[in-house]
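Basis for what follows: all heavy atoms, side chains included, without hydrogens, waters or symmetry-related copies. Both counts, for ligands and for their atoms, begin at 1 and track the order of listing.
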Amino acid sequence: MLNAPTTELLNQLRHIVGPAGVLDQPQDIAPFLVDHRKLYRGRTPLVLRPDSTAQVSSILRLCHGARVGVVPVGGNTGYCGGATPSSGGHEIVVSLSRLKRIRHLDPDNYALTAEAGCVLAVAQQAAAAAERLFPLSLGSEGSCQLGGNLSTNAGGTAVLRYGMARDLVLGLEVVLSDGRVLDDLTGLRKNNTGYDLRDLFIGAEGTLGIITAATLKLYPLPRTRVTALVAVAEPASAVALLAYLRSSGSDALTTFELIPRIALELVCQHIAGMSDPFDAIHPWYVLLEASSAQVIDHLTEEISHTLARALADQLVRDALLAHNASQREFFWRLREAIPEAQVRAGGSIKHDVSVSISDLPAFIAEGAALCRRIAPEGVLVIYGHLGDGSLHFNINTPDGGEHPEFFAKKSALNHAVHDLTRTYRGSISAEHGIGQLKRDDLVQFKQPVALQVMHAIKQALDPQGIMNPGKVLAAEANHQTPSGRGVGADTPTASAPP
Ligand code: FAD
Ligand code: MLT
Ligand code: ZN
């Protein structure tokens, strides 16, 4: 059992970080008590904002000794309630936002060492200033933090070329649950010295320790980018186009995102300045981008040529190449504004699934049919990272109204989509993690042996169970049930992170 913090412990914790690192007034704590999607509400007596690894270590040593739960928080943009404390009110929130220095940038080693609270966009800018690319790219990059990105193993729109957050890490500094510091901040690309400890903490969502810094892989800064918006008849054409582009030698492909007509319409309807760039209406679109570190015109030629061939073969219905930066930004905005447009359109029931790319067309067709059968009034908004086999399989309310009868079908819809994912040997969380939202689903969908190993790792690294209790794996400590519309349902009023 975890304990409630005593007044003495709270004072000791305050002392560790000093007045500048303490938030204990209701109005200051409030943003940390609710997740980005407003699905969960929790309570805490104290938010600590340490500004050094040593302070994080002292906090965890004390909490470990007192058996008091600790919830790490980054930019609080996560989708699964992972950074929200439980409603019991006994867990200490540790915000990494002051631990945000860029410690070292080594252009020759193509490596950047930054602290966990560094905002993703700041890390990208620091790399760019040194003519390097840090390729992790998410719609939330102006608010989310590196520690949160690594703890959720974030994906985004450049996974096709550069991989998930996990693939971009060379080394980590982590404070273990008992306060010991695991200093594995190496810039090595080759290091076969036993178990890969780094990978344990990536994607652990704060349940095994607190990441305080990371050494990240950089890449050559792209000097040429070719961006196109392509209209296709169906997802199968998009999958075929991807194969076409790859077999035509385009290993420069960085992004390949599927957009349904309804998403384009929602963006045009709800986001200022957006409109349909095509003359005709098409059922599906692909945003694709290829990039190269060289200044080369032939990349544009190569992509145009392949698209022309795809048009001639009737694989593609129409295609627009971005001819300048503002067109490129417009195409990107059409894709990146989809989540915002969806929120403005009303609540939605979300799924974040992956199957193998070749299975995507059949999966989409079967999944859509299942959802239509359960909730014919729902609006299917299925979009995402087709190039990675990853889809946001969302169902919106009919017209933005409250529709309790629609949200009452949430559990049936979740089961239908997740069961179908299982039949395709897919994943019920492609990139957003587990947190509180999918914790109970994990038990259903993860292999029993894999779960046993996860529990053994948790027991070994956090024997007191103080790290982010009730997230990813069930814990003894209280965990709240979702408020309002419940698990997987977005509110139209979801707001910016703290
Ligand atoms: P938080 O939400 O603060 O925390 C997430 C989890 O990590 C929690 O469990 C928390 O306890 C833990 N944590 C945070 N910091 C640490 C630390 N230093 N040490 C240990 N544990 C820690 N996600 C994608 O994968 N792909 C997308 O394309 C994408 N697009 C998005 C677009 C928008 C508009 C929004 C709002 C979100 C999007 N997300 C996306 C989700 C979200 O931004 C990512 O999951 C992101 O990585 C979370 O980072 P954060 O700093 O906000 O973490
Ligand atoms: C995206 O790809 O846009 C996000 O991961 C999904 C979302 O923000 O809902
Ligand atoms: Zn996504």
Undergrad: Kindly confirm whether the Zn ion (ligand 3) is within less than 2.8 Å of some N/O/S atom in Glu431?
TA: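 Short answer: yes, at least one N, O or S atom is under the cut-off.
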Undergrad: Evaluate Ile211 for polar contact with ligand 1, using N/O atom pairs at a separation under 3.5 Å.
TA: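 Looking only at distances, the answer is yes, because the N/O contact criterion of under 3.5 Å is met.
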Undergrad: Relative to the heavy atoms of Thr152, which atoms of ligand 1 are at a distance of less than 4.0 Å?
TA: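 Counting atoms of ligand 1 from 1, those under 4.0 Å from Thr152 are 5 (C), 6 (C), 45 (O), 46 (C), 47 (O).
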Undergrad: What atoms in ligand 1 come closer than 4.0 Å to a heavy atom of Gly209?
TA: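 Counting from 1, the qualifying ligand atoms are 20 (C).
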Undergrad: Ignoring hydrogens and angles, state whether a donor on the side chain of Glu115 or Thr212 is under 3.5 Å from an acceptor on the partner side chain.
TA: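 The answer is no; no qualifying pair exists.
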Undergrad: Would Asp388 and Arg161 pass as an ion pair if we require N to O under 4.0 Å?
TA: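 No, this pair does not count.
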Undergrad: At the 4.0 Å heavy-atom cut-off, does Gln342 count as touching ligand 2?
TA: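 Contact absent.
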Undergrad: Cys144 to ligand 1: N or O pair under 3.5 Å?
TA: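 Such a contact does not occur with ligand 1.
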Undergrad: Within the 4.0 Å heavy-atom shell around Ile210, which atoms of ligand 1 are there?
TA: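 It comes down to these atoms of ligand 1: 19 (N), 20 (C).
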Undergrad: Under 4.0 Å from a heavy atom of Gly78: give me the atoms of ligand 1 that qualify, with their elements.
TA: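 Reading through ligand 1 atom by atom, the close ones are 2 (O), 52 (O).
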Undergrad: Which ligand 1 atoms does His36 reach within 4.0 Å, using its non-hydrogen atoms?
TA: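 In order of numbering, the contacting atoms are 36 (C).
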Undergrad: Is His432 close enough that one of its N/O/S atoms sits under 2.8 Å from the Zn ion (ligand 3)?
TA: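 Checking His432: none of its N, O or S atoms is under 2.8 Å.
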Undergrad: Less than 4.0 Å is my threshold; does some heavy atom of Glu257 fall inside it relative to ligand 2?
TA: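 Contact check Glu257 vs ligand 2: negative.
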Undergrad: With heavy atoms of Gly206 as the reference, note each atom of ligand 1 found under 4.0 Å away.
TA: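 Atoms satisfying the 4.0 Å criterion: 20 (C), 21 (N).
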